[in-house]
2 protein chains.
Amino acid sequence: MSVATQTEAVPEPRIPLSKERVLRAAVGIADEEGIEALTMRHLADELGAEAMSLYYHVANKEAILDGVVEAVIEEIEEAVGGYEVPTDLDDWKAALRERILLARNVMLRHPWAPGIIETRRTQSLAAVRYFEGLAGVLREGGFSYDLIHHAMHALGSRALGFSQELFEPDDPESSDEDATAMMEAMADQFPYIIAMLGEIAHDDPDSTLGWCDDQIEFEFGLDLILNGLEGHLEAS
Amino acid sequence: MSVATQTEAVPEPRIPLSKERVLRAAVGIADEEGIEALTMRHLADELGAEAMSLYYHVANKEAILDGVVEAVIEEIEEAVGGYEVPTDLDDWKAALRERILLARNVMLRHPWAPGIIETRRTQSLAAVRYFEGLAGVLREGGFSYDLIHHAMHALGSRALGFSQELFEPDDPESSDEDATAMMEAMADQFPYIIAMLGEIAHDDPDSTLGWCDDQIEFEFGLDLILNGLEGHLEAS
DNA sequence: ACCTGAACACCGTTCAAGT
DNA sequence: ACCTGAACACCGTTCAAGT
């Protein structure tokens, strides 16, 4: 019957599925609805297909998670503009710092990515390429391979632009009054922590209690490591 | 009928469930069978009860995961022997280092714990107590609260004794020959990484290719941060 | 070659009901 | 007070069957 009506929307000519489309849609769902919304059924829905159809293009859900990590790290590669070691490298520290902060920008666009990167048992090719690039910068900066190896471990996830925040970033539910009340209640149990939080709040009255500028803290920790590595380099 | 036989085992007088028993059993399952084996049904089975009975003692599975993290951190508290700041503290760096390495020992007994600690949205009381202890050591060591705050962020998960290893620790499946073959295949694509791995293998022929001594690397990274903090302390 | 319906073996969880 | 059976709404996945 719908054929009769002139104004009827022509049904979208079905775009065939593909691994790329599946992965792109997966990243989209994670970005917009959170990683827990990424189920096979929901993903298929988003693509106008059935869950079972996905298995024709990917082995299983783990493969999707692998692919999604790969996609994010390729986004870093794009942001960095490729991993070629600059021929005129005169400051390995600045070069490394810049790459890592660019990686961080990508991670901030995909806040769910760190959590799933850490669950991968084996690193994607894209990640190996990224680390190869970092190793190149260090090597051309004068590092021994032994020190490069230590550097990779010391940086850990910071190399990819994130560090696991052990306390929750910030809770939009809780008010300043709540926080103040809680602080007073805990003051005798946790004097050092309370004093610390109090000082932070004093230094920066705009920040909610217990909330920290993650960017500044990330850079502080990163610089601590980079400077430490520089010390080792000079001593060698 | 079983009542008649003398040798019949008396049926275990049912020990009532409790939050503590549930959590202890949960830690046991995660230790022995891995965290993915920790399901409500399996946990109840282990306790000789039905899954639904657990809900009388804990709110839900999230609460069990919270409790299990709490238990692990209390194990750290025990290993450290309480978090009292030594009255004769003459070396904050050694004191902090020791606490963190003791925490690491506990984490090595519960290799699944880091992964689930990172999924907690809010820290347990036991964790706050632990960090209070670290803050105390730093404060009595002469740190400003501002620097203590930076230190906490810079340490990140290292404060609790673990760092996320981005490459898999080691794969018992793959042989040295496999690894050598793979290395040669990748040598032109990833010259720096291959050279790095080659040098490690050369320095320590006992280690499998690509495998690293996590303890040494953990301590290297930790010392980098502690020494960096010392620099900030002396400069202040 | 590509997609799907029906079905399976699992999850966590609710609720009314049992002792 | 403490535990459970039946049931629900979800998972990921297999497989034979459709076009």
Side-chain angles (χ1 to χ4, degrees), chain A residues 3 10-30 32-71 112 115-116 118-122, chain B residues 3 10-30 32-71 112 115-116 118-122:
Chain A
V3 191
V10 258
E12 298 280 333
R14 200 188 221 307
I15 311 163
L17 289 181
S18 69
K19 190 174 172 183
E20 289 66 42
R21 276 194 75 211
V22 169
L23 294 180
R24 206 167 16 235
V27 171
I29 288 174
E32 281 150 38
E33 308 173 56
I35 191 70
E36 73 285 349
L38 182 54
T39 70
M40 299 302 273
R41 283 167 174 83
H42 182 47
L43 176 54
D45 250 21
E46 209 76 5
L47 291 161
E50 299 300 317
M52 309 80 205
S53 310
L54 302 176
Y55 289 86
Y56 190 81
H57 298 94
V58 296
N60 49 35
K61 188 171 179 182
E62 279 297 291
I64 292 180
L65 295 180
D66 287 343
V68 133
V69 166
E70 185 103 358
W112 47 269
I116 99 134
E118 278 167 1
T119 65
R120 299 304 85 200
R121 287 200 50 258
T122 178
Chain B
V3 191
V10 260
E12 297 281 334
R14 200 187 220 308
I15 310 162
L17 291 180
S18 68
K19 189 174 175 186
E20 289 67 42
R21 278 194 74 212
V22 169
L23 294 180
R24 205 165 19 233
V27 171
I29 290 174
E32 281 150 39
E33 308 173 57
I35 191 70
E36 73 284 350
L38 182 54
T39 70
M40 299 301 274
R41 282 168 174 82
H42 182 46
L43 177 53
D45 250 20
E46 209 76 5
L47 291 161
E50 299 299 320
M52 309 80 204
S53 311
L54 302 176
Y55 289 87
Y56 190 82
H57 298 94
V58 296
N60 49 34
K61 189 172 180 183
E62 279 298 290
I64 291 180
L65 294 180
D66 286 343
V68 134
V69 166
E70 184 104 356
W112 46 269
I116 98 137
E118 277 167 0
T119 65
R120 300 304 84 200
R121 286 201 49 259
T122 178

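Worth saying up front: this structure is predicted, and the values here are computed from it rather than measured.
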> Would you say B:H42 reaches C:dC10's phosphate, i.e. side-chain N/O to OP1/OP2 under 4.0 Å?
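For B:H42, the contact criterion (side-chain N or O under 4.0 Å from OP1 or OP2 of C:dC10) is not met.
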> May I ask which nucleotide in the shown strands pairs with D:dC11, Watson-Crick or G-U wobble, both distances under 3.5 Å?
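Its partner is none (no Watson-Crick or G-U wobble pair with both distances under 3.5 Å).
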> Send over the distance from B:E36 CD to D:dC11 C1', rounded to a whole Å.
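Spelled out: CD on B:E36 to C1' on D:dC11 is 16 Å.
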> Check every atom of C:dG12, D:dT13, D:dT4 against the side chain of B:A49 and return the nucleotide holding the closest atom.
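Comparing C:dG12, D:dT13, D:dT4 against the side chain of B:A49, the answer is D:dT4.
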> Just how far, in rounded Å, is C1' of D:dC3 from CG of B:D45?
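Rounded to whole Å, this separation is 15 Å.
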> In whole angstroms, how far is the C1' atom of D:dT13 from the CD1 atom of A:I64?
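To the nearest whole Å, that distance equals 12 Å.
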> Indicate the atoms forming the closest heavy-atom contact of A:A71 with A:V27, along with that distance.
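Closest approach of A:A71 to A:V27, heavy atoms only: CB-CG2, 4.3 Å.
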> Taking NZ, NE, NH1 and NH2 as the nitrogens, is one of them in A:R120 or A:E62 under 4.0 Å from a carboxylate oxygen of the other?
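A:E62 and A:R120: salt-bridged.
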> Write down the distance between CD1 (B:I35) and P (C:dC11), rounded to a whole number of angstrom.
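Interatomic distance, CD1 of B:I35 to P of C:dC11: 14 Å.
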> Can you find a heavy atom in the side chain of B:L65 that is under 4.5 Å from one in the side chain of B:L38?
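A side-chain contact exists here, since the closest heavy-atom pair is under 4.5 Å.
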> Establish, with yes or no, whether the OP1 or OP2 oxygen of D:dC3 is under 4.0 angstrom from a side-chain nitrogen or oxygen of B:Y56.
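It does not, given that no N or O in the side chain of B:Y56 lies less than 4.0 Å from OP1 or OP2 of D:dC3.
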> Side-chain N or O of A:S53 versus OP1/OP2 of C:dC2: is the shortest distance under 4.0 Å?
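Checking C:dC2 against A:S53, no side-chain N or O comes under 4.0 Å of OP1 or OP2.
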> Using atom CZ of B:R21 as one end and atom C1' of D:dC2 as the other, report the distance to the nearest whole Å.
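Interatomic distance, CZ of B:R21 to C1' of D:dC2: 13 Å.
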> Among C:dT13, D:dT13, D:dC3, which is the nearest nucleotide to the side chain of B:Y55?
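Nucleotide nearest to B:Y55's side chain: C:dT13.
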> Is D:dA17 paired to anything, Watson-Crick or G-U wobble with both distances less than 3.5 Å, and if yes, which nucleotide?
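The base-pairing partner of D:dA17, which may sit in any strand shown, does not exist here.
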> What's the closest nucleotide to the side chain of A:T39 if the choices are D:dG12, D:dT4, D:dC3?
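From the listed options, D:dG12 comes nearest.
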> Would you kindly give the CG-to-C1' distance between A:L17 and C:dC2, to the nearest whole Å?
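Rounding to the nearest Å, CG of A:L17 and C1' of C:dC2 are 9 Å apart.
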> Considering heavy-atom distances to DNA chain C, does A:A51 or B:R41 have its closest nucleotide positioned more toward the 5' end?
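On the 5' side of the pair lies A:A51.
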> Taking the side chain as every heavy atom from C-beta outward, state whether B:Y55 and B:M40 have any pair of such atoms under 4.5 Å apart.
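B:Y55 vs B:M40: side chains touch.
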> Find the distance B:M52:CE to C:dC11:C1' and express it as a whole number of Å.
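My rounded result for the distance is 11 Å.
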> Nearest whole angstrom, please: distance from the C1' of C:dT13 to the CD of B:E62.
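Result: 13 Å.
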> With a 4.0 Å cut-off on heavy atoms, is B:M40 in touch with a base, just the backbone sugar-phosphate, or nothing at all?
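Here B:M40 touches the backbone only, sparing every base.
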> Under the side chain to side chain donor-acceptor pair (under 3.5 Å) criterion, do A:H42 and A:E33 qualify, and how do the steps go?
CA-CA 11 Å; A:H42 182 47; A:E33 308 173 56; 3.0 Å; yes
